[in-house]
Structure formats: structure tokens, C-alpha cells
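When a residue number appears, it is its place in the shown sequence, counting from 1.
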Amino acid sequence: MISDTIKYIGVDDLDIDLFESQYVVPEGMSYNSYLIEDEKIAVMDTADRRKGEEWKANLQAALNGRQPDYLVAHHMEPDHAALIAEMLETYPGLQLVCSAPAVKMLPNFFEGLNYEGRVITVKEGDTLSLGRHELKFIGAAMIHWPEVIMSYDSLDKVVFSADGFGKFGALVNETDDWACEARRYYFNICGKYGSQVQTVMKKLSALDVQTICPLHGPVLKGEPLAAAIKLYDTWSKYEPESEGVLIAYASIHGGTAAAAERMAEILRKKGAAKVVVSDLSRDDMAEVIEDAFRYPTVVVAASSYDAGVFPVMHDFLYHLQIKNYQKRRFGIIENGSWAPTAGKVMCSMIEALKDCEIVEPMVTIRSRMKSADEAQLEQLADSLLA
């Protein structure tokens, strides 16, 4: 129960291996949905079809013989909206409440669905009265799709935040450490859209928000809510959250890996607050992206490959580009046995990022580290920590 009249009817998915076919979710996922009981009954989103039967059973139990009046679709992505057509077919009196862009998306997902006269289109500032509860709609375009809306229940001071404030992990596996998987979720799902998140944060700051109900992850209240809002403000401004250095390396035969590990030892010896070392060939890319956003300084170390850079490093830097990565400092270590090219490619990709500085010197390794390379690593470490 969220309150006396707001019930949780969502479901956990413990069988999913990859969320959105790319993010590893060893703790599963939750598909959150809520029901508001009043003179009128509103269902707040549906669920992924993977868990459709379980969700419908939860809905039926919560309805207890009543008929729902409204289905509010905050976000049209299939992990939340897959059951819209079934809902409209099952409940002839049901009205779908969504944004105008969401209406345009309905035929994309539900071919042949007849929704004429069944849709209430809402926008920023519109309200929907359920009786004692009144929902006020908040425009939230590009968090992280263009049709997204949020809603605010003025009675219980609850924000239904769509994918905002979501996290990876099923609720049955929830821990006290909300930030860990919420951070990975934010930067990989919403990270590109910091300016849009800031716009919504300003809207929420004008409301008396006591609870946030996201579409993934736990309901947030009290101190966890305050902490989440503070983190979202930091994340969406592209500001570092913690002091530290990420070293991300792409190594073919171990030489670059050894240079990256040696660089970590030097940084730790010189007093770096924290040093995280990631093997781009083996570690979860989403976690490395998370750490790149978390810390102010990144060292990229990569082997040259086919007159360019080893592909996993190209993939990493490409991910940063498409996530609107900015306001960070980079050190570069390249490796090449006969014609080093990795540094040039990495420089070019980093220079395409907004407000990112490349710190000198760029260190060049020839196959394996030599004693003479130590001085350059030391110099780069000094520059990064200055």
C-alpha cells in the first residue's frame, strides 16, 4: 500500500537477463503499476507482456469487483504499456489518459486498435478529478521518450514519475543501497537528457512531494526520497558525484592492461581518493558508463587496432558521446607495436565531447611497458591530480 487509497499492483520479473536487450539485470526488474481508489478508479500504467497474466491478477484483486474508470499511461514503452489494448477491450467504459504524442504512438504498438472516443488527451497543467484525489499532469518530454508525462496526486502528495527515479532490480531483491543500481539506470537510460531532467526537477520543487512512485524500483519516501532528489540534481547537471579516477582499458595481449594497472598503482600512491579500473572487454559496459559519470577524471588506455583503436574502446567512447557526456578531464595511454594510432582516435572522440579536457602528456607504450615509460605515467598522474 502506498496510502489508504493507492495500491501497488506491479510485478517483479526475475527471469529477464537483459533489460532493453542490452543491460545486464542479475537482480531482475520490477514493472511498477498503481491503482487509485476513489469515486473514480484510476489504473496508473500497465506492465510488460512478459508478466501480463500476473499483473492482470494483481489488478483484479485490487479492483475487488469494481470497474476501472481511467487508465493513465505515463509512458508508452512496452515494458509499461503492453497491456493497453487488452485493458480497453476488457473494460468497455475505460478511458485512456495520455499525452498527445502518446496517442500518435498507439497505432505503432496496437495495430487495428479502435480507441475512438476512448482517449482523454492531457498536457502540462491539466487535471483529472477522481473524487478526493486530483491528478495534475506534468510535462516530462524526453525522460526519456517524447510522449512522457508525470502526474501529481494533490491529496496524498504523490508523484507518479514514469521512468524518472527508476532503477534496475526486482523489488523482492531490493536493498538499502538505492543509488547503486539507480545510478547505472539513470546514466544509461536517461543520462543524455540532463537538461530535460533539470526542467522537471524545477517543476517538482514547486510541489509538496512526499512520495515518488516510479515505474521501476522502490517507492521513495522520507530520507531516501530526499537523497534521490539530491542525486538526480547532481546527475542531471553532469556534475561528478564522487572524487576519484576511472581507468578504462582495452587490451589485446595484456600489455595495455599492465600499463593501466600500473597507472592505478601510481595514482593511489599519489593520494587519489579512489581509483576504479575497468576492463572494457569483460566488464559490464553499463557499469563503466556509470563510473565515467560518477567521477571527474577518466584515463583511457587502449591498443591500436587496424590503424585505429581497439573496438571496445571505440564503443565506450561512442557510448559517452551519445549520452551527452561532459565536464570531465581525460588522460590517454596508447599502445602500438609498430604504428600507434589509438591515441589519435581517442583524442578525436574525446574532443567531440562537451567541455572535456585532455591532460598532457599522452603516454605511448610500445607493446609492453619499459622502465622508461614509468616517468611518463608519473607525469600524467601528477597532471591529473593537480
Side-chain angles (χ1 to χ4, degrees), residues 1-11 30-47 55-56 58-76 80-81 83-84 87-88 90-100 102-103 118-140 143 147-166 171 200-201 203-222 224-225 228-229:
M1 295 283 289
I2 312 305
S3 72
D4 290 344
T5 51
I6 302 178
K7 297 179 179 179
Y8 178 81
I9 58 170
V11 290
S30 68
Y31 310 123
N32 295 346
S33 177
Y34 310 88
L35 183 141
I36 304 176
E37 290 185 304
D38 207 329
E39 294 170 20
K40 301 284 188 179
I41 293 179
V43 178
M44 312 300 275
D45 300 290
T46 65
W55 179 81
K56 285 185 284 186
N58 289 350
L59 171 64
Q60 286 296 316
L63 286 170
N64 195 25
R66 293 185 62 181
Q67 299 287 301
D69 298 282
Y70 302 109
L71 170 59
V72 180
H74 294 95
H75 183 21
M76 286 296 296
H80 310 299
L83 305 173
I84 285 177
M87 287 289 288
L88 291 174
T90 302
Y91 302 104
L94 186 71
Q95 295 283 301
L96 175 65
V97 182
C98 61
S99 68
V103 175
R118 307 277 308 272
V119 177
I120 299 173
T121 305
V122 293
K123 62 183 184 305
E124 174 81 27
D126 286 350
T127 60
L128 178 68
S129 177
L130 306 178
R132 294 172 62 228
H133 294 266
E134 181 177 78
L135 297 176
K136 180 178 181 180
F137 293 97
I138 302 165
I143 304 175
E147 88 300 353
V148 174
I149 55 172
M150 297 181 182
S151 60
Y152 175 67
D153 170 33
S154 57
L155 179 65
D156 287 334
K157 316 301 183 188
V158 175
V159 169
F160 298 92
S161 62
D163 272 345
F165 297 92
L171 295 187
V200 169
M201 296 293 288
K203 296 176 184 179
L204 297 184
S205 70
L207 302 171
D208 179 8
V209 179
Q210 297 182 11
T211 304
I212 287 183
C213 293
L215 287 177
H216 298 292
V219 171
L220 298 169
K221 299 182 180 183
L225 171 61
I229 288 174

Visitor: Any sub-3.5 Å donor-acceptor pair from Ser30's side-chain atoms to His216's backbone N or O?
Guide: no

Visitor: Determine whether a donor-acceptor pair (N or O, by modelled atom type, separation under 3.5 Å) exists between the side chain of Lys7 and the backbone of Glu37.
Guide: no

Visitor: Is the side chain of Asn32 donor-acceptor paired with the backbone N or O of Gly10 at a distance under 3.5 Å, no angle test?
Guide: no

Visitor: Could you tell me whether a side-chain N or O of Asp153 sits under 3.5 Å from a main-chain N or O of Leu155, the two making a donor and an acceptor?
Guide: yes

Visitor: May I ask you to test the Ile9-Val43 pair for a side-chain heavy-atom distance under 4.5 Å?
Guide: yes

Visitor: So for atom CZ, which belongs to Arg132, do other residues, nucleotides or ligands contribute more than 12 heavy atoms lying within a distance under 6.0 Å?
Guide: no

Visitor: Among all residues two or more places apart in sequence or in another chain, which pass the ring-ring contact (aromatic ring centres under 6.0 Å, His included) test with Tyr31?
Guide: none

Visitor: Specify whether His75 and His80 have parallel, tilted or perpendicular ring planes, treating 30° as the upper limit for parallel and 60° as the lower limit for perpendicular.
Guide: tilted

Visitor: Please say whether more than 12 non-hydrogen atoms of neighbouring residues, nucleotides or ligands are located less than 6.0 Å from NZ in Lys136.
Guide: no

Visitor: I want to check something: taking the side chain as every heavy atom from C-beta on, are Phe160 and Asp45 in contact at a cut-off of under 4.5 Å?
Guide: no

Visitor: When you measure from the side chain of Tyr152 to the backbone N and O of Asp208, does any donor-acceptor pair fall under 3.5 Å?
Guide: yes

Visitor: Could you check if a side-chain atom of Phe165 sits within less than 4.5 angstrom of a side-chain atom of Leu225, using non-hydrogen atoms only?
Guide: no

Visitor: Can you confirm whether Lys56 is buried at NZ, in the sense that more than 12 heavy atoms of other residues, nucleotides or ligands lie under 6.0 Å from that atom?
Guide: yes

Visitor: Please answer whether the main-chain N or O of Leu215 pairs with a side-chain N or O of Tyr34 as donor and acceptor at a distance below 3.5 Å.
Guide: no

